[in-house]
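Following: one structure in C-alpha cells, then a few remarks.
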Amino acid sequence: MRKSFRVKSEKDFKVIFEASQSVANRKFVVYRLEKQQKHYRVGLSVGKKLGNAVVRNRIKRRLRHLVMEFSPYLVTDDFVVIARKGVEELSYQELRQNLMHVLKLGNLYQEGLSSEKED
C-alpha cells in the first residue's frame with residue numbers, strides 16, 4: 001500500500017477520532033472523517049492486548065491486504081480501523097467478512113463505486 005493511502009501521523013489520527021463518526025461490530029471499530037480527495041486514506045490500530053509484535057504485524061498485514069482488495073469499492077474518506085480482541089484467532093475469510101461488514105455499516109464500502117473509479 002502506497003504512503004499516500006495511509007494515515008500515519010498522530011495529528012491525522014486525532015483529527016479522525018475527534019470527528020467521532022464511528023461504527024463497530026464485535027471485531028472492529030471504524031472511525032471516519034469525510035473528506036473530498038482523490039482516494040481514501042486508512043490508518044490501522046492493533047493494540048498490545050492482541051498479542052506480541054509478530055501477531056500484531058500479521059493482523060496489520062492481513063488488514064492492509066484486505067483494504068487493497070476492497071479499494072475499488074471504498075469511498076474517498078479518511079478512516080481508521082481498530083482491531084478488537086479476538087481478531088487474532090480469525091481465519092482470513094472470517095477477517096474479510098468482519099471487515100467488510102463494519103465498512104458497510106460505516107458507508108465506506110459501496111459496491112457501485114468500482115465502475116466510477118475505472119475512468
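Residue numbers run from 1 in the order of the sequence given.
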Would you say the side-chain atoms of [X] pair up with the backbone N or O of [Y], donor to acceptor, closer than 3.5 Å?
X      : Y      : value
Lys104 : Gln110 : no
Gln93  : Ser91  : no
Arg6   : Arg41  : no

Measure across [X] and [Y] and return the closest heavy-atom pair with its distance rounded to 0.1 Å.
X     : Y      : answer
Lys38 : Thr76  : O-CG2, 3.6 Å
Asn25 : Asn98  : ND2-O, 3.0 Å
Val46 : Leu50  : CG1-CD1, 3.4 Å
Ala24 : Leu105 : O-CD1, 3.8 Å
Ser71 : Tyr40  : CB-OH, 3.3 Å
Phe13 : Val7   : CE1-O, 3.3 Å

Any side-chain heavy-atom pair of Val67 and Leu74 under 4.5 Å: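 SC-SC contact between Val67 and Leu74 confirmed.
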Is [Y] reachable from [X] through a run of I, L, V, M, F, W or Y residues, each pair having side-chain heavy atoms under 4.5 Å apart?
X      : Y     : value
Leu103 : Tyr92 : yes
Phe5   : Val42 : yes
Leu95  : Phe79 : yes
Val29  : Leu33 : yes
Val55  : Val81 : yes

The residue among Ile16, Ile82, Val80, Val102 that forms side-chain contact (heavy atoms from CB on, under 4.5 Å) with Val30 is Val102
Near Phe28 CZ, under 6.0 Å, is it more than 12 heavy atoms from other residues, nucleotides or ligands?
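Yes - once you tally the heavy atoms of other residues, nucleotides and ligands closer than 6.0 Å, there are more than 12.
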**Prompt:** Any chance CD of Gln37 has more than 12 other-residue heavy atoms, nucleotides or ligands included, within less than 6.0 Å?
**Reply:**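 Yes, the 6.0 Å shell around CD holds more than 12 heavy atoms from other groups.
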So how far is it from [X] [atom1] to [Y] [atom2], rounded to the nearest 0.5 Å?
X     : Y      : atom1 : atom2 : value
Gln21 : Leu108 : CD    : CG    : 9.5 Å
Leu63 : Met68  : CG    : CE    : 11.5 Å
Leu44 : Lys8   : CG    : NZ    : 9.0 Å

| If we ignore angles and hydrogens, is there a donor and acceptor under 3.5 Å between the side chains of His101 and Tyr109? |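 Tyr109 and His101 do not have a side-chain donor-acceptor pair below 3.5 Å.
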Between Lys48 and Arg56, does the side chain to side chain contact (heavy atoms under 4.5 Å, CB included) criterion hold? Intermediate values first, please. CA-CA 7 Å; Lys48 288 187 176 182; Arg56 293 193 310 267; 3.8 Å; yes
All side-chain hydrogen bond (donor to acceptor under 3.5 Å, both in side chains) counterparts of Asn107, not counting sequence neighbours: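 side-chain hydrogen bond (donor to acceptor under 3.5 Å, both in side chains) check on Asn107 returns nothing, list empty.
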Output yes when [X] and [Y] qualify as a salt bridge under the 4.0 Å nitrogen-oxygen rule, no when they do not.
X     : Y     : result
Lys27 : Glu94 : no
Arg96 : Glu69 : yes
Lys14 : Glu10 : yes

The side chain to side chain donor-acceptor pair (under 3.5 Å) partner of Asp77 among Arg32, His39, Lys35 is Arg32
